Amino acid sequence: MNAKKEHRKREWDWFDKPKNRHLLRILLWSACGISVVLEFFVDRHPHFQIDSFHGSFALIGFVSCAAFILIAKFLGIFLKAPEDYYDDE
Amino acid sequence: MMMSNLHPAFILFVGAFLPLVFKGKARNWVMLAVALVTFGVTVSLPFGDSLSASWMGFELDLLRVDALSRTFAIIFTLSLVAAYIYAMYLDEAVPYIASSIYVGSALGAVFAGDLISLYMFWEIMAVSSTFLILIRRRKGSARSASRYVLIHLMGGLILLAGVLMTCVTTGTTAFDAAIMDPRTPASWLILVGILINAAAPPLSAWLSDSYPEATVFGGIILSAYTTKTAVYTLLRGFPGWEILIVVGCVMAIYGIIYALLENDMRRILAYSIINQVGFMVCAAGIGTEMAINGAVAHAFCHIIYKALLWMSAGAVLYRTGTEKCTELGGLYKSMPTTMVLGTIGALAISSVPGTSGFTSKTMILVAAADQHLFWPWMILEIASAGVFLHAGIKFPYFVFFDKDRGLRPKRALPSMTLGMGLLAFLCLFLGVYPKPLYDLLPYQQMFLDGFSVFHAEKLVTQFQMLLFSGLVFFMFLPLLKRTATISLDTDWIYRKVVYRSMVSLARVLNGTNARAYALFAQKLPHVLFHFFNHGPSRLVVFVLTPFWQIQGLDWQEIAYRQRLMYRRASLGIYPVGLAAIFVAIFFGLLYLT
């Protein structure tokens, strides 16, 4: 019993701690910020109008992913079915 | 047969018998050796057509080796080596037999220079791969396998129709872009047959229906060959067919939406195969040198990271016995190595710079942009962002992180870790040093002109797009909460609508049958018998009774005469009847004399 408890104590649970999760969130936000700032330092050769302005790829990523999630959520109303849906075959 | 024209498929077909000879650990090692030998032979194949045969009046070109076919064959055999390393735990012969025939026929199809042998290997692939689903020995798997093989046999028949029409109209069995180019109905049939194997909607549901029903090992093997053989045939026979751009774009988006809806981790990966193959199909449609190179390179890298993802999901399934995201989570604690290796696969599929996905997919995107194809480029960029969402983050997040559901499985088996490690290494190696891969590609001029994906601009914009996609994932996390559901795909049509209409049709037809049987076979003879037996006497009694009454007979006498009539009728001794018989005999005798 004691050994088991000790084993659990030694378990690696870094990602479960709210403090660390918060840290990761800050890192993600700042990485997003840095990636936009870095764009100032590179030569851009846009092919189309949509990727010609600053931060256009950030916008493409953000908007398209948000749209994917919302579309999937909406379609889920019609397309999701209980797990035993096909059991009567 | 000299070493130079030893067909790699031949080694695997012979190797398919070895699991019956060897048992236990020896079997694992022997099969790994077979895979290694096949890989070695494939790598050392010289270019050219070196193995022809004649069959039923057709000239078969069995070994067409060029940069296109050899690159596919190299990755097919390399991935088989990794899968056999992973599968050292297997203690069954069937998975080995099925997989070596399946991969052997995939090699046969890739090296086939003519339509007849392409078709033959195509069908062997369909049948042998079915066993990889069947061996899970579950009710659902058996049914899924039967749907799988039916769809593929249907696709095979469409392909066969196209092949025969081409052979008859052109008088040649050769298979290349020039033969297909006139875009006759025959080439369209061949294209449809191939697109069914490429899992193009609406006939794509076989993939997400069957692959997750396979065993751990079966899923890894299946993820690589059928769809990529289809990609190869598209690149070989249909480069520049604009319709493929549309089909590819639809596949890329469709895969993402369904992967977002799914709860089953291997079904998420199955849908992301459709999404990734969409990129390759689209590149085949663009058809420029850059696009073809991109498609080949992407197929190469895709097979590596996709097998890695299926392996990590397989290890989780092997240890926990479940593949539902709603039951998984927090596994980074108990399976940290699998988590790290699986995440490398997830980053590679998302084409994070530094991984193989970036060095290959970028070529397809550049090819689309160079041709000023705005919408295809836009859709593929959007789909690239979506890949990160569903495969790059969703898969590892819900399996290895998210909520700890108290699962404490053992770590993956050492052989599993080794197989995954090999592929993870390749993902990273080709991500920073893609030259060995680029050297294998069909068109070398673009690299001599200094093509490289490592531009500051490309790196920054790619990171930007992926980071903001990741941001969306965590901002919208409540909307992505998993539910214990399945998602309905086009297989709903044949699993529910067709099934139900067949059931109701059966009910109508069987009901009619039963009623007709009851009426004509059971009731009617009885009625007729009754009618002919009792009808005449009843009629006689009915006619005579009024006469008897007029004669003034009393009711006892009438009743007696009626009974007499019935009795005579039942015995068949009517006076009239007897007289008629005697008359007949008399005439008979007259006739004889």
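Heavy atoms only: backbone and side chains are in, while hydrogens, waters and symmetry mates are out. In the text below, chain A, chain B and the rest are named by the order of the sequence lines, each starting its count at 1. Note that the structure is predicted; figures quoted are calculated from it, not measured.
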Asker: I would like to know whether Glu39(A) and Arg44(A) meet salt bridge (charged side-chain N to carboxylate O under 4.0 Å, His left out); could you show each step before the answer?
Answerer: CA-CA 8 Å; Glu39(A) 202 184 333; Arg44(A) 292 287 313 274; 2.4 Å; yes
Asker: Heavy-atom cut-off 4.5 Å, strictly under: side chain, backbone, both or neither for Asp402(B) against chain A?
Answerer: backbone
Asker: Using non-hydrogen atoms only, which part of Leu59(A) is less than 4.5 Å away from chain B: side chain, backbone, both, or neither?
Answerer: neither
Asker: Which residue is it: Asp489(B), Thr490(B), Asn275(B)? I am looking for the one with a side chain to side chain donor-acceptor pair (under 3.5 Å) to Tyr254(B).
Answerer: Asp489(B)
Asker: Non-hydrogen atoms of chain B under 4.5 Å away: do they reach the side chain of Ile50(A), the backbone, both or neither?
Answerer: side chain
Asker: If you count heavy-atom pairs under 4.5 Å with chain A, which of Phe374(B), Tyr258(B), Phe463(B) comes out on top?
Answerer: Phe374(B)
Asker: Which atoms of Leu373(B) are under 4.5 Å from chain A, going by heavy atoms: the side chain, the backbone, both sets, or neither?
Answerer: backbone
Asker: Side chain, backbone, both or neither: which part of Phe48(A) has an atom under 4.5 Å from a heavy atom of chain B?
Answerer: side chain
Asker: Under the side chain to side chain donor-acceptor pair (under 3.5 Å) rule, what do Glu213(B) and Ser144(B) come out as? Steps first, then yes or no, please.
Answerer: CA-CA 7 Å; Glu213(B) 290 290 344; Ser144(B) 179; 5.4 Å; no
Asker: List, one per line, each side-chain donor-acceptor pair under 3.5 Å for residues 465-475 of chain B, sequence neighbours excluded.
Answerer:
residue, atom, partner, partner atom, Å
Ser469(B), OG, Met465(B), O, 2.7

Asker: For Leu479(B), is it the side chain, the backbone, both or neither that has a heavy atom under 4.5 Å from a heavy atom of chain A?
Answerer: both
Asker: Name the region of Lys458(B), side chain, backbone, both or neither, that has any atom closer than 4.5 Å to a heavy atom of chain A.
Answerer: neither
Asker: Counting only N and O atoms by type, is there a donor-acceptor contact under 3.5 Å from the side chain of Arg482(B) to the main-chain atoms of Lys324(B)?
Answerer: no
Asker: Any chance you could lay out the side-chain contact (heavy atoms from CB on, under 4.5 Å) test for Thr326(B) and Thr483(B), step after step, and finish with the verdict?
Answerer: CA-CA 7 Å; Thr326(B) 39; Thr483(B) 49; 5.7 Å; no
Asker: Please look at Leu480(B) and chain A and tell me whether the side chain, the backbone, both or neither of the residue comes under 4.5 angstrom of a heavy atom of that chain.
Answerer: side chain
Asker: By a 4.5 Å heavy-atom criterion (distance strictly below it), what part of Asp264(B) contacts chain A: side chain, backbone, both, or neither?
Answerer: neither
Asker: If only atom types and distance count, is the side chain of His54(A) paired as donor or acceptor with the main-chain N or O of Val36(A) below 3.5 Å?
Answerer: yes
Asker: Relative to chain A, which segment of Phe388(B) carries a heavy atom at a distance below 4.5 Å: side chain, backbone, both, or neither?
Answerer: neither
Asker: Name the member of Val42(A), Leu75(A), Ile34(A) that forms the most heavy-atom pairs with chain B at distances under 4.5 Å.
Answerer: Val42(A)
Asker: Go through the atoms of Asp84(A) and report whether side chain, backbone, both or neither lie under 4.5 Å from a heavy atom of chain B.
Answerer: neither
Asker: Measure distances from Phe401(B) to the heavy atoms of chain A and classify the residue's part below 4.5 Å as side chain, backbone, both or neither.
Answerer: side chain
Asker: Is there a donor-acceptor contact under 3.5 Å from the side chain of Gln464(B) to the main chain of Ser35(A)?
Answerer: yes
Asker: Which donor-acceptor pairs under 3.5 Å do the side chains of residues 390-400 of chain B make with protein atoms, sequence neighbours left out?
Answerer:
residue, atom, partner, partner atom, Å
His390(B), ND1, Gly386(B), O, 3.1
Lys394(B), NZ, Ala259(B), O, 2.7
Lys394(B), NZ, Leu260(B), O, 3.0
Lys394(B), NZ, Glu262(B), O, 2.8

Asker: Going through the checks in order, is the salt bridge (charged side-chain N to carboxylate O under 4.0 Å, His left out) test met by Arg147(B) and Asp491(B)?
Answerer: CA-CA 9 Å; Arg147(B) 287 191 293 272; Asp491(B) 57 345; 5.2 Å; no
Asker: Quick check on Trp492(B) against chain A: is it the side chain, the backbone, both or neither that has a heavy atom closer than 4.5 Å?
Answerer: both
